[in-house]
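Along the sequence shown, residues are numbered consecutively beginning with 1.
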Amino acid sequence: MQAQPQLEKKAPPRAKPPLTGKAVAALCVASFAVGLLLSGWVPLLSAPIGKVNKTSAPSGCDDNRVSKELAGERHDPMGIMSEVSRTHHAIQSLDKAVSSLEMELAVERARSGDAGAGAAGSSKALQKAFVVIGINTAFSSKKRRDSLRETWVPSGEKLRRLEKEKGIVVRFVIGRSGAAEGGGGAADRALDAEEAENKDFLRLDHVEGYHELSSKTRIYFATAVATWDADFYVKVDDDVHLNLGMLATRLAKYRARPRVYVGCMKSGPVLSQRGVKYHEPEYWKFGDVGNKYFRHATGQIYAVSKDLAAYISVNQPILHRFANEDVSVGAWLIGLEVEHVDDRSMCCATPPDCEWKKRAGNVCVASFDWSCSGVCRSVDRMKLIHDACGEDQAAVWGVAA
């Protein structure tokens, strides 16, 4: 029996020799370079090169820009952060611009719809104005109104000329009495007669009451926005002395700025004790007892720009009312992108303070007594204050319309 031939055993295939150290190093460098190219950090490699090959620049790129980036700039971290900051500011500016456009659109919708329903019988076309000044008044304040008509509030033809030539609208703001349901009471009839004589009222669909000032203010702004297309809307009390020319001059400085809130900013204590004046029933919302309110304009006089008045008008059904009207207005605006302007000329004291300032060439916008939250005994003293602190009669007519 023949022996089976034995198969030759093949030698196992030889393993490839490992990469040399130089090859490994070259591979690492190549990988690193590719990573830099993909991430845009190629200038780190090319920075030492004094001259950049133009043919290596991507098509469509500006040669000078590429040369700068590749040869001159080395991606300074501060430069990168500066670029990020500029981009962030650009996004913020765009966001504010979009917000302004949205607000203007909401205003137009409100004006064409029923947002102006707060005005009693308001179906007039919108009138252009620079500033609408609403003087908060009450049924019992006829003597106060007369004292203002005798001093700083124009009457008759002067009132209408001021609106037409300077765009300054002045109105006493009032609602109706509680007895006005179904025919009206004596107070409403007396006011109707006063309005027919002077034609300087803005009537609101609102029941008057001291504890309803926040509601009245909301309705005032909504009614004013639905009646006049103004740059500013002002609220002032009927026991405050006001220089119309100075007010218009001050507001004109902020005409080009969006969302401006102008007044004497304060931050008084939140009063939790019952029975005291200016008691805040919702004091617990402001933190611990003894805390202060956020900054807001004092209620005697303040101004808001068009977009802020429109915001109040559009959102009035859901704006919360605190016990104090000035706190309510501050609360409505505190969460918005608003420029708070603290103008101390809007809260001068009565003579001798405002008189000294006038002699020094710094005529006050408004004057009142802090102790009375207005001019003390205003009916008796308004003429005296006007003589001492009032601006020249021609001042308001010199304001640029």
Side-chain angles (χ1 to χ4, degrees), residues 129-137 144-156 158-173 200 230-255 260-265 297-305 341-370 372-401:
F130 168 49
V131 56
V132 174
I133 302 168
I135 307 170
N136 182 48
T137 191
R144 285 188 180 182
R145 293 191 290 274
D146 288 340
S147 72
L148 298 191
R149 293 184 182 114
E150 293 169 1
T151 52
W152 63 265
V153 174
S155 299
K158 284 186 178 180
L159 183 67
R160 275 158 282 288
R161 181 185 163 206
L162 191 64
E163 293 179 21
K164 184 177 180 180
E165 296 183 12
K166 296 300 176 181
I168 299 175
V169 178
V170 184
R171 292 288 188 276
F172 289 101
V173 179
D200 56 3
D231 293 323
F232 293 95
Y233 298 84
V234 174
K235 178 265 176 181
V236 60
D237 289 338
D238 62 2
D239 55 354
V240 170
H241 180 267
L242 179 63
N243 284 315
L244 294 174
M246 285 304 302
L247 175 65
T249 300
R250 291 279 184 167
L251 294 181
K253 297 194 306 181
Y254 310 108
R255 203 169 192 170
V260 180
Y261 176 34
V262 187
C264 286
M265 300 295 162
T298 187
Q300 286 83 355
I301 177 174
Y302 53 85
V304 297
S305 56
V341 179
D342 185 16
D343 190 337
R344 308 313 290 182
S345 73
M346 295 177 72
C347 54
C348 295
T350 55
D353 179 61
C354 59
E355 185 176 10
W356 290 341
K357 290 176 179 175
K358 178 182 176 181
R359 290 178 180 176
N362 300 316
V363 179
C364 293
V365 172
S367 303
F368 56 88
D369 299 305
W370 284 102
C372 296
S373 297
V375 174
C376 298
R377 306 190 317 279
S378 64
V379 173
D380 300 325
R381 297 178 62 227
M382 192 60 69
K383 182 68 166 61
L384 180 150
I385 295 170
H386 186 67
D387 293 340
C389 305
E391 63 192 358
D392 186 88
Q393 290 186 357
V396 69
W397 304 105
V399 175

A.B. asks: With a 4.5 Å cut-off on side-chain heavy atoms, are Cys348 and Lys357 touching?
C.D. replies: yes
A.B. asks: Report the residues that fulfil salt bridge (charged side-chain N to carboxylate O under 4.0 Å, His left out) with Lys358, sequence neighbours left out, ordered by chain and then residue number.
C.D. replies: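 None.
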A.B. asks: Would the distance check show the side chain of Glu391 and the main-chain N or O of Leu244 forming a donor-acceptor pair, the cut-off being under 3.5 Å?
C.D. replies: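 Indeed, once roles are kept as given, a pair shorter than 3.5 Å links the two residues.
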A.B. asks: Any non-hydrogen side-chain atom of Ser373 less than 4.5 Å from a side-chain atom of Gln300?
C.D. replies: yes
A.B. asks: Quick check: do Pro351 and Ile385 have side-chain heavy atoms less than 4.5 Å from each other?
C.D. replies: yes
A.B. asks: Does the pair Arg381/Asp369 count as a salt bridge with the N-to-O cut at 4.0 Å?
C.D. replies: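 Asp369 and Arg381: salt-bridged.
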A.B. asks: Looking at Trp152 and Val240, would you say the former's side chain and the latter's main chain have a donor-acceptor pair under 3.5 Å?
C.D. replies: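 Yes.
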A.B. asks: Please give me the minimum heavy-atom distance between Gly245 and Val399, naming the atom from each residue.
C.D. replies: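 Nearest heavy atoms, Gly245 then Val399: O-CG2, 3.7 Å.
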A.B. asks: Going from CG on Leu251 to CZ on Phe130, what distance comes out if it is rounded to the nearest 0.5 angstrom?
C.D. replies: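 Reported to 0.5 Å precision, the distance equals 5.0 Å.
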A.B. asks: Could you tell me the separation between the SG atom of Cys264 and the OH atom of Tyr302, rounded to the nearest 0.5 Å?
C.D. replies: 13.5 Å
A.B. asks: Is the shortest heavy-atom distance from the side chain of Val260 to the side chain of Val304 under 4.5 Å?
C.D. replies: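 Val260 vs Val304: side chains apart.
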A.B. asks: For residues Val363 and Asn243, determine if any side-chain heavy atom of one lies less than 4.5 Å from a side-chain heavy atom of the other.
C.D. replies: yes
A.B. asks: Shortest non-hydrogen contact from Ser367 to Val375?
C.D. replies: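 Nearest heavy atoms, Ser367 then Val375: O-CG2, 3.8 Å.
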A.B. asks: Looking just at side-chain N and O atoms, do Arg149 and Ser155 make a donor-acceptor pair shorter than 3.5 Å?
C.D. replies: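 No.
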A.B. asks: Flag the pair Arg344 and Asp342 as a salt bridge only when some basic side-chain nitrogen lies within less than 4.0 angstrom of an acidic carboxylate oxygen.
C.D. replies: yes
A.B. asks: Side chains of Ser378 and Asp239 only: does a donor on one sit below 3.5 Å from an acceptor on the other?
C.D. replies: no
A.B. asks: If you measure from CG on Leu148 to NZ on Lys383, what distance do you get to the nearest 0.5 Å?
C.D. replies: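 Interatomic distance, Leu148 CG to Lys383 NZ, rounded to 0.5 Å: 13.5 Å.
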A.B. asks: May I ask you to test the Asp237-Ile135 pair for a side-chain heavy-atom distance under 4.5 Å?
C.D. replies: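 The answer is no; the side chains never approach within 4.5 Å.
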A.B. asks: How far apart are the C-alpha atoms of Trp370 and Thr298, what are their side-chain angles, what is the distance that settles it, and do they pass the side-chain contact (heavy atoms from CB on, under 4.5 Å) test?
C.D. replies: CA-CA 10 Å; Trp370 284 102; Thr298 187; 3.6 Å; yes
A.B. asks: Of all heavy-atom pairs between Gly263 and Ala297, which one has the smallest distance, and what is that distance?
C.D. replies: CA-CB, 4.0 Å
A.B. asks: Does the plane of the ring in His241 sit parallel, tilted or perpendicular to the ring in His386? Use 30° and 60° as the thresholds.
C.D. replies: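 Ring orientation of His241 relative to His386: tilted.
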A.B. asks: Considering all heavy atoms of both residues, which atom of Gly134 and which atom of Val173 are nearest to each other, and what is their separation?
C.D. replies: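 Smallest interatomic distance, heavy atoms only, reads CA-CG2, 3.5 Å.
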A.B. asks: With rounding to the nearest 0.5 Å, note down the distance linking CZ in Arg161 to CG in Leu159.
C.D. replies: 12.0 Å
A.B. asks: When you measure from the side chain of Lys166 to the backbone N and O of Val396, does any donor-acceptor pair fall under 3.5 Å?
C.D. replies: no
A.B. asks: Run the salt bridge (charged side-chain N to carboxylate O under 4.0 Å, His left out) test against Glu163 and tell me which residues pass, sequence neighbours left out.
C.D. replies: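 If we apply the salt bridge (charged side-chain N to carboxylate O under 4.0 Å, His left out) test to Glu163, skipping adjacent residues, the hits are Arg171.
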A.B. asks: Rounded to the nearest 0.5 Å, how far apart are CG of Asn136 and CD1 of Ile301?
C.D. replies: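 Between Asn136 CG and Ile301 CD1, I get 12.5 Å after rounding to 0.5 Å.
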A.B. asks: Within the 4.5 Å heavy-atom criterion, are Val131 and Ile133 side-chain neighbours or not?
C.D. replies: yes
A.B. asks: Can you tell me how far CG of Leu384 sits from OG1 of Thr350, rounded to the nearest 0.5 angstrom?
C.D. replies: 9.0 Å
A.B. asks: For the cysteine pair Cys364 and Cys389, state whether the SG atoms are less than 2.5 angstrom apart.
C.D. replies: no
A.B. asks: Run the salt-bridge test on Arg145 and Asp238 with the 4.0 Å N-O cut-off and return the result as yes or no.
C.D. replies: no
A.B. asks: Counting C-beta onward and ignoring hydrogens, is there a side-chain heavy-atom pair between Ser305 and Tyr254 closer than 4.5 Å?
C.D. replies: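 Answer no - side chains too far apart.
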